[in-house]
Amino acid sequence: MALARLARKTSSRSSAKTRPLLFLLLLIAILVVTAVFLFPPATMSSSSSSSSSSVPFENPRKVVKKVMSLSQAEGDGATVRRSIGGHELRNLDPFLLLDEFSVSKPGGFPDHPHRGFETVTYMLDGAFTHQDFTGRKGTIRTGDVQWMTAGRGIVHSEMPASDGVQKGLQLWINLASKDKMIKPRYQELESKDISQAEKDGVKVRIIAGEAFGVRSPVYTRTPTMYMDFTMQPGSQLHQPIPKGWNAFVYIIKGEGVFGREAAAPASAHHCLVLGTGDGLSVWNRSGARLRFMLAAGQPLNELVVQQGPFVMNSRAQIQKAMEDYYYGRNGFEKASQWSST
């Protein structure tokens, strides 16, 4: 009996000692279960994070029009492939014209006027010398860009600066009625100064706007994005485009799938007009590099009246621009006394 009483006392002391330990273990178990429910492991959310790359846009922009740019004579002995500004696509607000030009000496684009819009010249290969009636002169070479705001009036020339074939793109961007008579200005960037970024086999030169978190320093009076993309075989791109902006792609080289994965591939010298949506998706499934320009701009929603190098909002304004040029008034004062060298 003494032994039994001793055993009961020992068991009671042992039980008393283990009760705090059991309580602590139970508390830890409750905390672990709560943490699992409140903060699931990374593996549980991996599917949602990866879906952002495979399905990046709820409403992707699809190709709604496809235009093949055909060669035509322009200037003095030059050849251009015109997509925007041609009979199939008169304009795409705020864009008025897109030419892929090819010219050799002695051809080029001799003295001619502009009023009411901007020209963006991007050299793909070679060099062009620009002169205007204010005395400004300069040469842009492969990869350089010149963003010229003609405003109330410019008379200038654009001529080959080296031997061989000079190639480039010229984009015309309309100005709002309130800006058509502003003072002319230039923004010029050498190739080395153009913002660039690269990610997952896709390289971009950002002439205007933002891509991959990198922004161009170019100021766009008419809100615009303009980019030169090069995609390696097997790569894909998902580029956001501001809502409500009109957008297009111009393919320089190669072949790619644009807009939706099931779309037929498009090849060089095609202009692809994009519909509404959140952004552009592109897949390069070919065995060669794909190079294309992406442009988008905020529409002005104004009447466009164009007569050659003059773009205004009414026929009366066009007539006034022609008279100003002929008589040397309202921005064209130096026109009659100047010629390029």
Side-chain angles (χ1 to χ4, degrees), residues 50-69 83-84 88-89 91-95 98 100 120 122 124 145 169 171 173 194-216 218 220 222-286 288-299:
S50 63
S51 66
S52 64
S53 60
S54 58
V55 188
F57 304 121
E58 289 185 9
N59 183 24
R61 289 185 178 241
K62 300 176 182 178
V63 176
V64 296
K65 190 178 183 68
K66 183 178 180 180
V67 177
M68 179 65 175
S69 57
S83 47
I84 300 175
E88 286 191 65
L89 186 60
N91 56 64
L92 183 66
D93 189 12
F95 304 111
L98 178 67
E100 180 183 1
V120 184
Y122 182 46
L124 299 176
V145 63
L169 297 170
L171 177 67
I173 305 172
I194 293 178
S195 301
Q196 300 186 44
E198 190 166 0
K199 181 180 179 182
D200 299 332
V202 180
K203 184 176 182 180
V204 60
R205 293 166 54 82
I206 308 159
I207 298 170
E210 181 177 341
F212 298 161
V214 179
R215 175 168 288 276
S216 166
V218 169
T220 59
T222 299
T224 306
M225 61 186 293
Y226 192 36
M227 303 170 183
D228 176 2
F229 284 97
T230 299
M231 298 179 61
Q232 297 298 326
S235 63
Q236 59 180 277
L237 166 70
H238 306 288
Q239 172 64 37
I241 299 172
K243 185 177 180 180
W245 288 21
N246 288 330
F248 71 89
V249 164
Y250 186 77
I251 305 173
I252 299 170
K253 185 177 181 180
E255 179 182 275
V257 175
F258 294 83
R260 57 188 180 91
E261 289 191 78
S267 56
H269 311 304
H270 278 97
C271 180
L272 311 177
V273 179
L274 305 178
T276 58
D278 304 321
L280 171 67
S281 292
V282 186
W283 297 266
N284 182 2
R285 296 183 182 139
S286 71
R289 288 189 301 174
L290 166 65
R291 186 182 183 188
F292 64 92
M293 306 298 296
L294 169 63
Q298 186 176 65

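Computation of the quantities below employed the complete heavy-atom set of this structure, encompassing side-chain atoms and omitting hydrogens, waters and symmetry-equivalent molecules.
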Checklist outcome for this item: Phe95 and Ala296 have their tightest heavy-atom pair at CZ-C, 3.5 Å
Checklist entry - How close do Ile251 and Ser267 get, heavy atom to heavy atom, and via which atoms? => result CD1-O, 3.3 Å
Next on the checklist: One pair to check against side chain to side chain contact (heavy atoms under 4.5 Å, CB included): Ile207 and Met293. What are the steps and the verdict?
Outcome noted: CA-CA 10 Å; Ile207 298 170; Met293 306 298 296; 3.9 Å; yes
To the nearest 0.5 Å, tell me how far [X] [atom1] sits from [Y] [atom2].
X: Ser235; Y: Phe229; atom1: OG; atom2: CZ; result: 11.0 Å
X: Leu98; Y: Leu171; atom1: CG; atom2: CG; result: 5.5 Å
X: Leu272; Y: Lys62; atom1: CG; atom2: NZ; result: 15.0 Å
X: Asp278; Y: Gln239; atom1: CG; atom2: CD; result: 12.5 Å
X: Arg61; Y: Lys243; atom1: CZ; atom2: NZ; result: 10.5 Å
X: Ile206; Y: Gln196; atom1: CD1; atom2: CD; result: 8.5 Å

Considering only distance and modelled atom types, tabulate donor-acceptor pairs under 3.5 Å from the side chains of residues 252-260, sequence neighbours left out.
none

Are side-chain heavy atoms of [X] and [Y] found at a separation under 4.5 Å?
X: Ile173; Y: Thr220; result: no
X: Ile84; Y: Cys271; result: yes
X: Phe248; Y: Leu274; result: no
X: Leu237; Y: Trp283; result: no
X: Val273; Y: Val249; result: no
X: Glu210; Y: Met225; result: no
X: Pro56; Y: Ser281; result: yes
X: Leu290; Y: Thr230; result: no

Checklist outcome for this item: Arg205 meets the side chain to side chain donor-acceptor pair (under 3.5 Å) criterion, sequence neighbours left out, with Tyr122, Ser191
Checklist entry - By side chain to side chain donor-acceptor pair (under 3.5 Å), which residues pair with Tyr226, not counting sequence neighbours? => result none
Next on the checklist: Run the side chain to side chain contact (heavy atoms under 4.5 Å, CB included) test on His238 and Leu280 for me, step by step, so that the C-alpha distance in whole Å, both residues' side-chain angles and the decisive distance to 0.1 Å come before the verdict.
Outcome noted: CA-CA 6 Å; His238 306 288; Leu280 171 67; over 6 Å; no
Next on the checklist: Between Asn284 (side chain only) and Met231 (backbone N and O only), is there a donor and an acceptor less than 3.5 Å apart?
Outcome noted: yes
Next on the checklist: Given 3.5 Å as the limit, does a donor-acceptor pair link the side chain of Thr224 with the main chain of Gly297, or not?
Outcome noted: no
Next on the checklist: Could you go through Val204 and Val214, starting from their C-alpha distance and side-chain angles, then the distance that decides it, and tell me whether this counts as side chain to side chain contact (heavy atoms under 4.5 Å, CB included)?
Outcome noted: CA-CA 10 Å; Val204 60; Val214 179; over 6 Å; no
Checklist entry - Do Ser69 and His269 have side-chain N/O donor and acceptor atoms under 3.5 Å apart? => result no
Next on the checklist: Could you check whether Asp228 pairs with Arg291 (Lys NZ or Arg NE/NH1/NH2 to Asp/Glu carboxylate O, under 4.0 Å)?
Outcome noted: yes
Checklist entry - Just wondering, more than 12 heavy atoms not from Lys66 lying within 6.0 Å of its NZ? => result yes
Checklist entry - Can the ring centroids of Tyr250 and Phe292 be said to lie less than 6.0 angstrom from one another? => result no
